[in-house]
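Here's the structure we're looking at; comments come further down.
Just so it is clear, the structure is predicted and the values come from calculations on it, not from any experiment.
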Amino acid sequence: QVQLVESGGGLVQAGGSLRLSCKASGRTFSRYAMGWFRQAPGNEREFVATTSWGGSNIFYADSVKGRFTISRDNAKNTVYLQMNSLKPDDTAVYYCATARYATVVAATYERWGQGTQVTVSS
């Protein structure tokens, strides 16, 4: 089974950048699509970005397109989320998750990390 641990969250001013990492345990990491989701207080969990196992299929939420970049290093069992031009609306707990295919639907993801807090101040 795959276990996921996110890191890289923190407090940043609007316009700043952060890079989140999600390291997976297990030897089958490269077989999974990897997604990032986020959840702000009082809101439902929402899709942010996803990448297929080989990186050929990548999708972004409209709200982050052009500002966030998802990437993965299968040799390191790690997926990244580079976040630039951050806005206060990006404040949330960010989660990574695994799925069989790169989709935008949270219910299709099987394993989830514990989340990392991102706070963007104005």
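Counting only residues at least two apart or on different chains, no disulfide bond (SG atoms under 2.5 Å apart) pair has a member in residues 32-94. Listed by first and then second residue, the disulfide bond (SG atoms under 2.5 Å apart) pairs involving residues 62-93 amount to none (not counting sequence neighbours). For residues 51-69, the set of pairs meeting the salt bridge (charged side-chain N to carboxylate O under 4.0 Å, His left out) definition, not counting sequence neighbours, comprises Asp62-Lys65, Arg67-Asp90.
With side-chain heavy atoms closer than 4.5 Å counting as contact, directly or through intermediates, the hydrophobic cluster containing Phe59 also holds Phe37, Phe47, Val93, Tyr95, Val104, Val105, Tyr109, Trp112.
Partners of Ser71 according to the side-chain contact (heavy atoms from CB on, under 4.5 Å) rule, which considers only residues two or more places apart in sequence or in another chain, are Tyr80. Considering only residues two or more places apart in sequence or on other chains, Glu110 meets the salt bridge (charged side-chain N to carboxylate O under 4.0 Å, His left out) condition with none of them. Thr119 is linked by a side-chain hydrogen bond (donor to acceptor under 3.5 Å, both in side chains) to Gln117, counting only residues two or more places apart in sequence or in another chain. Residues that satisfy the side-chain contact (heavy atoms from CB on, under 4.5 Å) test with Gln114, not counting sequence neighbours, are Val5, Glu6. Ser121 pairs by the side-chain hydrogen bond (donor to acceptor under 3.5 Å, both in side chains) definition with nothing, not counting sequence neighbours. In this structure Thr103 satisfies the side-chain hydrogen bond (donor to acceptor under 3.5 Å, both in side chains) test together with Thr108, sequence neighbours excluded.
Residues Val79 and Trp53 are members of separate hydrophobic clusters, defined by side-chain heavy-atom contacts under 4.5 angstrom among Ile, Leu, Val, Met, Phe, Trp and Tyr.
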Which pairs would a plain distance check flag for residues 15-24, meaning a side-chain donor or acceptor within less than 3.5 Å of a matching protein atom at least two apart in sequence or in another chain?
residue	atom	partner	partner atom	Å
Ser17	OG	Asn84	OD1	2.9
Lys23	NZ	Lys76	O	2.9

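Listed here is the closest heavy atom pair of Ala33 and Ala102: CB-N, 3.4 Å.
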